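Here the structure is laid out as structure tokens; the discussion comes afterwards.
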Amino acid sequence: MSIAKRFRAVFLDRDGVVNRAVIRDGKPFPPASLEELEITPGTESALQDLKKRGFKLIIVTNQPDVARGLTSQAAVEKINQALATSLSLDDVFVCYHSDENNCDCRKPKPGMLLEAAQKHNIDLSRSYMVGDRWRDIDAGHNAGCKTILVDSGYNERAPARPPEARVRSLREAADWILQSNLKEPVDEVRV
């Protein structure tokens, strides 16, 4: 009987980590269209470096504006497809619900991470969640991952448990992950 190899992953919040959030009144919002989409500086090289070290790259994003009727699911999917194609992502998981729906997929609940782990045979204890808000950090901890906060200075509550690291960019997060995994063998993931 053979045992399937379990992979490491870096779960990435989308808006504010992979692409710039649109800031209105001090709060982050997703881009409404491809025209507003701007990939954060250093993201492409950071993700390439993580991929070379064998990490699967998976976006897990809350997009409650769909449930609120402020944007369409098609608009969100266009942005996700553009990111997946240009950044060689392994997958994108989206929660289209608002808090009122009380679903299992909306961060801080770990539903999207658990679903991705099952689909891609991921070892959550060897994986990371990188996000810019308390919901991301709490979701990562709730799934059993290590967490990294991309601190953008938002004026909102802190995570239930502090992240393992605080950084200013996805590039810094990738460097921290790579440094923390120097002694780990490289997982073979097709680039």
Side-chain angles (χ1 to χ4, degrees), residues 9-44 46-47 57-117 119-120 128-143 145 147-160 163 166-171 173:
V10 177
F11 297 101
L12 304 150
D13 180 49
R14 194 186 84 172
D15 308 315
V17 174
V18 172
N19 59 272
R20 287 198 193 280
V22 178
I23 306 297
R24 289 187 219 117
D25 299 323
K27 293 191 174 209
F29 292 90
S33 65
L34 283 176
E35 293 73 36
E36 283 189 347
L37 179 65
E38 181 184 344
I39 294 173
T40 55
T43 291
E44 291 179 57
L47 296 181
L57 304 173
I58 300 172
I59 285 182
V60 288
T61 180
N62 287 347
Q63 295 296 321
D65 285 352
V66 173
R68 295 174 185 144
L70 301 173
T71 193
S72 69
Q73 187 169 332
V76 171
E77 288 174 1
K78 277 184 184 176
I79 290 170
N80 291 343
Q81 184 58 49
L83 290 170
T85 301
S86 65
L87 299 174
S88 299
L89 300 170
D90 291 293
D91 214 335
V92 177
F93 288 79
V94 183
C95 173
Y96 293 107
H97 307 109
S98 64
D99 282 335
E100 295 74 31
N101 296 116
N102 198 31
C103 63
D104 290 333
C105 54
R106 184 163 165 76
K107 296 178 286 181
K109 292 182 181 174
M112 288 188 283
L113 287 83
L114 298 175
E115 183 182 349
K119 179 178 177 182
H120 293 282
Y128 298 82
M129 175 69 215
V130 180
D132 65 332
R133 302 185 73 191
W134 69 270
R135 290 177 178 276
D136 306 315
I137 302 310
D138 287 357
H141 282 142
N142 290 335
C145 297
T147 61
I148 302 170
L149 178 69
V150 176
D151 193 346
S152 297
Y154 303 142
N155 186 17
E156 63 179 18
R157 67 176 266 194
R166 284 181 183 265
V167 297
R168 301 290 297 159
S169 67
L170 179 54
R171 176 73 260 174

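What you see is a predicted model, and the numbers here were worked out from it, not measured in a lab.
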Item to check | Val150 vs Asp136, side-chain contact (heavy atoms from CB on, under 4.5 Å): CA-CA, chis, key distance, verdict | outcome: CA-CA 10 Å; Val150 176; Asp136 306 315; over 6 Å; no

Item to check | side-chain contact (heavy atoms from CB on, under 4.5 Å) between Leu114 and Lys109, intermediate numbers included | outcome: CA-CA 10 Å; Leu114 298 175; Lys109 292 182 181 174; over 6 Å; no

Item to check | CA sep, side-chain torsions, deciding dist, call: Leu83, Ile39, side-chain contact (heavy atoms from CB on, under 4.5 Å) | outcome: CA-CA 8 Å; Leu83 290 170; Ile39 294 173; 3.8 Å; yes

Checklist entry - Yes or no on side-chain contact (heavy atoms from CB on, under 4.5 Å) for Ile58 and Val92, after CA distance, side-chain angles and deciding distance? => result CA-CA 6 Å; Ile58 300 172; Val92 177; over 6 Å; no

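Note that CG of Asn62 is 5.0 Å distant from NZ of Lys107, once rounded to the nearest 0.5 Å. The distance from atom OG of Ser98 to atom CD of Gln63, rounded to the nearest 0.5 Å, is 13.0 Å. Atom-to-atom distance recorded for Asp65:CG and Thr71:OG1 is 6.5 Å, nearest 0.5 angstrom. For the atom pair NE2 of His97 and CZ of Arg68, the computed distance is 12.5 Å after rounding to the nearest 0.5 Å. The distance from the CG atom of Leu149 to the CE atom of Met129 is 10.5 Å, given to the nearest 0.5 Å. Distance CG/Leu89 to CZ/Arg14: 11.5 Å, rounded to 0.5 Å.
Contact detail for Glu36 and Val22: the closest heavy-atom pair is OE1-CG2, 3.8 Å. Closest heavy-atom contact between Cys103 and Cys95: SG-SG, 3.6 Å. The two residues Leu47 and Leu57 have their closest heavy-atom pair at O-CD1, 3.5 Å. Taking every heavy atom of both residues into account, Gly16 and Tyr154 meet most closely at CA-OH, 4.1 Å. In terms of heavy-atom proximity, Met112 sits nearest to Phe93 at SD-O, 3.5 Å. Heavy-atom minimum distance, Asp99 versus Arg106: OD1-NE, 2.7 Å.
Results of the side chain to side chain contact (heavy atoms under 4.5 Å, CB included) test with Phe11 over Val130, Leu113, Thr147 single out Leu113 as the only residue that passes. With Leu170 as reference, Thr43 is the one residue of Asp132, Ile148, Thr43 to meet the side chain to side chain contact (heavy atoms under 4.5 Å, CB included) rule.
Under a 4.0 Å N-O distance rule, the pair Asp91/Lys119 qualifies as a salt bridge. Remark: Arg135 does not engage Asp138 in a salt bridge, criterion side-chain N to carboxylate O under 4.0 Å.
Looking only at side-chain heavy atoms (C-beta outward), Arg20 and Pro41 come within less than 4.5 Å of each other. Within the 4.5 Å cutoff, the side chain of Asp151 has no heavy atoms near those of the Val167 side chain. Considering only heavy atoms from C-beta on, His141 stays 4.5 Å or farther from Pro159 through its side chain.
Proximity of a side-chain donor or acceptor of Asn142 to a complementary backbone N or O of Pro108 within less than 3.5 Å is detected.
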